[in-house]
Amino acid sequence: MKEVFNFSAGPAVLPKEVFESSAAAVKNFKDTGLSILEMSHRSQEIMPVMDEAMALVTELLNLPENYKVLFLQGGASTQFLMVPYNLLDSQAKAAYIETGTWSKKAIKEAKLFGNVEVLASSAESTFSYIPKVTDIPGDASYLHITSNNTIYGTQYHNFPETSVPMVADMSSDIFSRTFDVSKFGLIYAGAQKNMGPAGITLAIVREDMLGKVKREIPTMLNYQTHIDKVSMFNTPPVFSLFVAKETLKWLKNKGGVAAIQKINEAKANRLYEEIDSNPLYKGAAVKEDRSFMNVPFVMTKEGLDAEFLQFALERGLSGLKGHRSIGGFRASIYNAMPEEGVTALIDCMREFAKLKG
Ligand SMILES: *Cc1c(COP(=O)(O)O)cnc(C)c1O
């Protein structure tokens, strides 16, 4: 079978090595004669998978001791409500910045729990930029941001300056670059963009964020439950956890987050250079806020979109169709997208422009 490069936004590309070790674990896990799919999460073979995954997160992000790593279910979408449930008292206020579909959804949920102040929004320009916010109310319980906007291809390259603890949805750029964790009270990410398969959600919680709201929190939605039970209060999705753990191990072997960041920047810069210099293509986001993970672009000539997608597919380039809310194309170039994939896309864009430009 010829090589296919997967540019899908999520579930997304994973390293080939991870598919190999995950397939082997399904057939016979650690020489037990059992599949990882049929083993107790409390068995002596599976417990270390959780420990290793947590240790890898701690090491790769260089987490200080007062941060707890949790593996949860329900996707980032459940974090939209778990965050205010646990952190926002009904009389208190949380600040949000609206930079796209995902932050809009987070805002909607937060309003069910307390007062929400939306400090800024780039909705009026189809979320093509990250609004600069300097006036952050000091009495907010937290400031919520979406660090990378998967659909619109914008990313915070400088986080807001504030003494208010930040909460970040990092679903589509966690482990893609280094950052100062100490500015954040809570970070969450669905795994299926940049750290594994669907079915598991990472949450990183600074301990002092918890225990401040007066309401009763249902057991499963209470971060403290999962801290106390080390993410084994109920049955975790063991296989998703294993695949995420293998992906993090792959990243560590690549040299870790700082090393992959260099590669990510190089990949993105090459692709943006092509978009900027080739008259047939145009980027969707403003230059200074462009994402290194999701690269949306459109064609400057009409009526060629379907043809380009087919042209790309014939060259082994899959998943390039843009999100329905902005159309055109989107190349998601997460950690596991090899540099050769980006080269193949650039070659394809040039070839197509020669024929149709
Ligand atoms: C995909 C995505 C989500 C939604 O994640 P689910 O795991 O499907 O709930 C939320 N936020 C961002 C930034 C995303 O990219």
Side-chain angles (χ1 to χ4, degrees), residues 6-14 70-85 96-110 112 118 121-123 126-131 142-157 159 166-177 179 184 186-204 220-221 226 231 236-237 239-241 243-244 247 264 268 284-285 289-296 319 321-326 330-337:
N6 179 14
F7 292 91
S8 168
V13 58
L14 288 171
L70 300 176
F71 286 105
L72 307 171
Q73 297 187 64
S77 299
T78 300
Q79 295 306 302
F80 296 162
L81 71 102
M82 248 175 107
V83 164
Y85 218 146
Y96 278 70
I97 302 178
E98 189 182 71
T99 53
T101 305
W102 299 117
S103 41
K104 254 168 105 163
K105 290 185 175 181
I107 290 164
K108 177 172 180 244
E109 298 304 298
L112 300 172
V118 179
S121 170
S122 47
T126 325
F127 299 114
S128 64
Y129 69 99
I130 302 278
Y142 59 86
L143 166 66
H144 182 283
I145 62 165
T146 311
S147 59
N148 182 72
N149 296 282
T150 324
I151 296 173
Y152 303 94
T154 61
Q155 185 174 28
Y156 278 89
H157 296 299
F159 292 118
M166 280 195 282
V167 172
D169 176 357
M170 294 197 182
S171 292
S172 50
D173 69 348
I174 191 142
F175 299 114
S176 73
R177 55 168 170 176
F179 64 96
F184 295 86
L186 197 151
I187 293 164
Y188 60 90
Q192 71 275 18
K193 310 291 172 39
N194 205 30
M195 64 168 285
I200 197 148
T201 310
L202 173 66
I204 298 165
M220 268 298 281
L221 295 178
H226 302 287
S231 296
F239 187 57
S240 292
L241 176 71
V243 181
T247 308
N264 287 336
D289 297 326
R290 281 170 164 178
S291 167
F292 291 137
M293 295 277 98
N294 310 96
V295 180
K321 193 173 164 53
H323 190 271
R324 59 190 180 280
S325 60
I326 55 171
R330 172 174 50 172
S332 296
I333 49 174
Y334 299 117
N335 287 355
M337 171 58 65

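Note that the structure is a prediction, hence the values are computed from the model and not measured. No hydrogens, no waters, no symmetry mates; every other heavy atom, side chains included, goes into these values. Both counts, for ligands and for their atoms, begin at 1 and track the order of listing.
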Requested in this report: Just need the protein heavy atom nearest to atom 9 (O) of ligand 1, so name the residue and atom and give the distance.
Outcome: S77 OG, 2.6 Å
Query raised in the report: Which atoms form the tightest heavy-atom contact between N294 and S291, and what is the distance?
Result: N-OG, 3.0 Å
Query - Criterion side chain to side chain donor-acceptor pair (under 3.5 Å) against Y152, the qualifying member of T99, T101, T126 - result: T101
**Report entry** Closest approach of I200 to P237 (non-hydrogen atoms, all atoms of both residues)
**Finding:** CD1-CG, 4.1 Å
**Report entry** 4.0 Å heavy-atom contact, Q192 with ligand 1
**Finding:** yes
Query raised in the report: Of the protein's non-hydrogen atoms, which lies at the shortest distance from atom 11 (N) of ligand 1, and what is that distance?
Result: D169 OD2, 2.6 Å
Query - Mode of F80 contact toward ligand 1 - side chain, backbone, both, neither (heavy atoms, under 4.0 Å) - result: side chain
Report task. Tell me, please: is N148 in heavy-atom contact with ligand 1, that is, under 4.0 Å? Result -> yes
Query raised in the report: Nearest protein heavy-atom contact for atom 5 (O) of ligand 1: which residue, which atom, what distance?
Result: A76 CB, 3.6 Å
Query raised in the report: If you count the atoms of ligand 1 from 1 in the order shown, which ones are under 4.0 Å from a heavy atom of K193?
Result: 1 (C), 2 (C), 3 (C), 14 (C), 15 (O)
Query raised in the report: Any idea how H157 and F292 line up, ring-wise: parallel (<30°), tilted (30 to 60°), or perpendicular (>60°)?
Result: tilted
Query raised in the report: Is there a donor in the side chain of Y334 and an acceptor in the side chain of N264, or the other way round, less than 3.5 Å apart?
Result: no
Query raised in the report: Within the structure, does T146 bring an N/O atom to less than 3.5 angstrom of an N/O atom in ligand 1?
Result: no
Query raised in the report: What atoms in ligand 1 come closer than 4.0 Å to a heavy atom of G75?
Result: 7 (O), 9 (O)
Query raised in the report: Does one side chain, of T154 or N149, offer a donor that lies under 3.5 Å from an acceptor on the other?
Result: yes
Query raised in the report: Angle class for the F179/F159 ring planes (parallel below 30°, perpendicular above 60°, tilted otherwise)?
Result: perpendicular
